[in-house]
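What follows is a short report on a single structure.
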2 protein chains.
Amino acid sequence: MRFGVNYTPAVGWFHSWLDFSAADTARDLEAIASLGADHVRIFPLWPVVQPNRTLIRASALRDVATVVDIAGSFGLDVNVDALQGHLSSFDFVPSWLDSWHRRNMFTDPEVVASTAAYVEALARAVADKPNLLGITIGNEVNQFAHAPHPAPHDITADQGHAWAAAMVAAARRGLGSAVDAVDAVDAVDAVDAVGAVGAVGLEARLGSDPMVRPAAASRPGPLVTVAQYDAAWYDDAQPFGPEHAADHGDATITHSWVFNGTAALHGPLGAGSVRHGEYLLQLAAAWNREPGRPNWLQEVGAPTNVVPADQAASFTERTIRHVAGAQGLLGVTWWCSHDVSRSLADFPELEYDLGLFTNDGALKPAGEAFAALARSGLHVTSTPPATALVLDDVLPDGSPRYGTRADCAPGGRFAAAWLALAESSEDGRGPQVLLRSRLADEALRTARGIRTIVDVPADLDGTALTVAHPATMP
Amino acid sequence: MRFGVNYTPAVGWFHSWLDFSAADTARDLEAIASLGADHVRIFPLWPVVQPNRTLIRASALRDVATVVDIAGSFGLDVNVDALQGHLSSFDFVPSWLDSWHRRNMFTDPEVVASTAAYVEALARAVADKPNLLGITIGNEVNQFAHAPHPAPHDITADQGHAWAAAMVAAARRGLGSAVDAVDAVDAVDAVDAVGAVGAVGLEARLGSDPMVRPAAASRPGPLVTVAQYDAAWYDDAQPFGPEHAADHGDATITHSWVFNGTAALHGPLGAGSVRHGEYLLQLAAAWNREPGRPNWLQEVGAPTNVVPADQAASFTERTIRHVAGAQGLLGVTWWCSHDVSRSLADFPELEYDLGLFTNDGALKPAGEAFAALARSGLHVTSTPPATALVLDDVLPDGSPRYGTRADCAPGGRFAAAWLALAESSEDGRGPQVLLRSRLADEALRTARGIRTIVDVPADLDGTALTVAHPATMP
């Protein structure tokens with residue numbers, strides 16, 4: 001199990017890319033390494049690296065590579081996210097996507113081709129680093145599929161698949177990795193296909209189930225991943241859904257933020273809150289097509305708008321212990337390393353107190369809790385929970401059911417049933433999740449170690465909360 | 001008469017601020033100086049200098065100051081524009097004004113205070129340079145008062161005045177200049193007044209005519225100016241109008257672009273096209289409250305979408321000769337120095353051929369024409385044209401007349417009448433313009449040297465063109 005930290009530079013936050021300082025970076029990363037973390041996740045700013053659609057700045061790529069090297073000098077592996085995009089309530093969108101140049105960032109062929117060129121160039125810039133953990137296409141890019149982010153970025157789920165496939169293929173090209181069958185379709189072609197002739201055309205070219213990906217276990221080298229915020233799991237209207245998380249790249253990514261209604265419903269240290277990361281990992285596993293595909297809780301933090309500062313350490317410890325009980329866990333990456341400096345304006349209040357370290361480098365109680373767990377080593381079992389709760393992802397006739405994601409959202413009937421089972425389990429681990437659409441797949445059940453299947457009680461009353469898209473969404 | 005060039009860096013266009021190269025800058029500026037130009041206008045990118053609302057990057061300010069020094073080494077003065085903002089169809093808006101942080105950039109008190117802080121810091125960074133020509137608040141910031149630029153930026157004319165006053169005051173503070181009475185109202189206070197209690201409150205604090213400014217002649221040191229694109233003069237719906245140009249700062253700025261319909265109407269070398277810069281200067285003079293206030297044609301170019309490349313040199317020469325006939329001329333600044341590199345994508349086609357030099361530094365015919373004029377010296381007379389054409393800016397009852405600006409737009413009845421008078425004048429100079437609202441001010445007429453007053457013929461048929469806001473608007 002990997003144990004890491006999302007790196008938020010103490011000086012200048014991510015604007016520090018404009019004034020890159022190896023010394024500042026080294027000081028921060030040395031502190032992170034001192035916690036016992038084995039990796040960091042880093043975030044170049046898209047418009048800084050690619051200010052014009054056809055200008056990818058070599059010096060910016062060098063700075064990213066330098067950060068990877070500095071991290072390596074402290075024994076840290078590095079995951080590099082490409083499309084930021086969205087960070088801590090701020091959007092960084094290149095001028096070539098704004099005003100007169102406003103185009104759909106997911107489907108416009110020129111935009112997608114150039115975005116892929118950036119992802120590829122970024123991956124290539126760090127491909128030879130021995131401590132490269134992986135490339136993530138971008139931080140929660142699915143935020144851009146709805147307001148208030150710059151429109152028009154509305155897409156269909158199929159267009160989302162084509163885009164994700166194009167970006168993953170670009171990252172693999174940059175890494176020099178073998179490219180999957182679906183990735184062999186050129187990025188622009190894929191999007192052209194969806195844009196011009198619709199998803200049917202794409203499917204015709206790729207086969208009936210084009211998005212099935214080999215498990216990462218079969219792929220050596222750095223991971224390629226697609227990161228989404230939790231509307232993918234909880235909001236039926238979000239074009240990027242569980243399949244986009246589970247069908248692309250080498251691991252299924254989840255980001256757990258209990259300001260999504262969870263903490264309000266369960267209290268900051270309630271079971272539903274400290275199990276929220278674990279729950280998302282089980283949802284992720286349910287949608288994976290390969291039982292061996294790893295799941296990565298790539299973001300989880302203790303936001304002080306709903307978790308009081310004096311409960312952050314306890315929240316951190318309990319969250320990580322529950323997460324460790326999920327099978328197929330690739331790792332957990334805490335958000336974040338350093339509080340945002342009070343000298344920077346307009347961040348949601350919680351961002352000034354989200355670090356394991358204060359802005360000036362003092363270890364906070366949550367940081368101590370994180371470090372204690374990192375150093376002691378967690379008990380991680382490869383044996384999956386034997387019980388699985390069935391999620392109604394399809395209607396009786398087998399067609400997809402709108403409302404599945406609302407059921408999964410905090411307070412939803414499925415979420416409530418999962419939590420009740422988790423709290424009554426003998427070993428303290430929450431149950432697995434089995435899709436109704438895969439219920440008949442005995443081989444899959446066996447491979448996943450599912451021996452007991454439980455339905456959501458018919459009389460369970462669960463009122464789904466609307467998944468908020470608050471300004472406090474990091 | 002000042003003779004200058006808007007400096008468009010050959011390598012990386014304005015993205016070169018991200019990879020600032022003194023050597024590249026020196027090569028470009030040496031070439032510009034070789035034309036006989038006496039100044040350049042330069043354009044920092046706002047989000048690069050101020051990426052967070054309370055982070056103004058010292059290194060970015062140093063780069064700007066370095067450019068001023070390099071220019072000085074070639075004998076060039078420099079005008080520094082602050083809020084870019086808008087350049088050649090691209091908008092550069094900081095992330096703290098986008099998405100979750102979208103606020104009215106002209107009226108939100110926090111935004112205005114922080115924008116003023118940037119303008120002040122930029123001015124301070126170059127205040128001690130002996131070759132500083134001036135500070136312009138920003139390039140055509142009035143573009144942001146309407147779509148497709150990021151909303152909501154709608155404002156009233158009074159809010160525009162408060163904003164402009166706040167920015168001019170900020171620039172003066174940065175320069176260490178004496179601050180006018182209106183500027184003495186703190187930036188935030190001014191906007192607070194408009195935002196919270198309305199323009200009446202502001203007027204009450206400042207007197208009945210708060211925007212009257214002393215003529216620049218009385219003010220030593222660098223100029224402070226407010227630049228607008230021509231919707232200010234031609235579009236009655238544009239909140240920033242002629243008064244905003246004429247009532248703030250030390251000179252009245254005009255930007256002349258004949259792709260606004262002028263060239264389509266008159267032909268690339270038609271009188272209406274090659275007199276368009278001159279015409280705007282006369283409009284500017286009409287709105288000035290002080291006869292001695294200088295007028296600056298700060299942008300004019302030969303856009304190849306409407307001026308064929310083989311006519312660019314002739315267009316350039318004729319435009320500048322006509323401009324030199326306008327009284328009170330501070331100078332003319334050609335757009336632009338260097339063609340945009342074909343390696344950069346998404347620019348309007350005309351931007352790749354708008355330079356006096358090609359991208360790789362070869363002098364173009366328009367550049368030769370410019371240089372010949374710069375070296376030979378133009379005949380500039382201080383005697384104003386004796387005839388003035390009356391512009392109906394008020395209704396018979398003295399109230400402002402909506403439609404005045406449409407009359408002034410290319411093809412409008414006032415524009416047509418002015419052009420007819422210009423073409424029939426004995427000395428080849430277009431007439432002055434006198435506002436109906438100031439017709440009775442004999443002292444003003446005398447001071448302006450107006451001896452003959454002409455009305456627009458009642459039977460003149462002029463069909464105003466709609467002022468386009470095309471993507472080709474630099």
Side-chain angles (χ1 to χ4, degrees), chain A residues 11-21 45 47-55 57-60 84-103 110-111 113-114 143-144 147-151 340-348 469-473, chain B residues 11-21 45 47-55 57-60 84-103 110-111 113-114 143-144 147-151 340-348 469-473:
Chain A
V11 175
W13 192 63
F14 298 111
H15 303 303
S16 56
W17 291 112
L18 292 168
D19 292 289
F20 178 67
S21 162
L45 297 186
V48 171
V49 186
Q50 192 176 25
N52 180 271
R53 190 164 61 76
T54 52
L55 174 61
R57 294 175 53 237
S59 61
Q84 287 74 238
H86 182 84
L87 287 168
S88 300
S89 82
F90 291 98
D91 284 349
F92 299 93
V93 179
S95 63
W96 47 275
L97 279 174
D98 201 5
S99 302
W100 302 110
H101 302 280
R102 197 160 288 189
R103 287 168 283 182
E110 284 186 343
V111 171
S114 296
Q143 298 237 8
F144 289 94
H149 307 275
V340 174
S341 169
R342 287 277 172 194
S343 72
L344 299 177
D346 299 335
F347 285 81
H469 304 165
T472 52
M473 189 74 68
Chain B
V11 176
W13 190 63
F14 298 111
H15 303 303
S16 56
W17 291 111
L18 292 168
D19 292 288
F20 178 68
S21 162
L45 298 186
V48 171
V49 186
Q50 192 177 24
N52 179 272
R53 189 165 61 76
T54 51
L55 174 62
R57 294 175 52 238
S59 61
Q84 287 74 237
H86 182 83
L87 287 168
S88 300
S89 83
F90 291 99
D91 284 348
F92 299 92
V93 178
S95 63
W96 47 275
L97 280 174
D98 202 4
S99 302
W100 302 111
H101 302 280
R102 197 160 289 188
R103 286 168 285 183
E110 283 185 344
V111 171
S114 296
Q143 298 237 8
F144 289 94
H149 307 276
V340 174
S341 169
R342 286 278 171 192
S343 72
L344 299 177
D346 299 335
F347 284 81
H469 305 164
T472 52
M473 188 74 67

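Naming: A, B, ... by sequence-line order, numbering from 1 per chain. Everything quoted here is computed from the prediction, not taken from an experiment.
Of the inter-residue distances, the one linking B:F90 atom CZ with A:L97 atom CG reads 10.0 Å to the nearest 0.5 angstrom. In this structure, CZ in B:F92 is found 10.0 Å from OG in A:S99, a value given to the nearest 0.5 Å. Note that the CD atom of B:Q84 and the OG atom of A:S95 stand 13.0 Å from one another [nearest 0.5 Å].
Residues B:L55 and A:L344 approach most closely at CB-CD2, 3.8 Å, considering heavy atoms. Nearest heavy-atom pair, A:L18 versus B:P47, reported as atom, atom and distance to 0.1 Å: CD1-O, 4.4 Å.
Of the possible donor and acceptor atoms, one in the side chain of A:H101 sits under 3.5 Å from a partner among the backbone N and O of B:S89.
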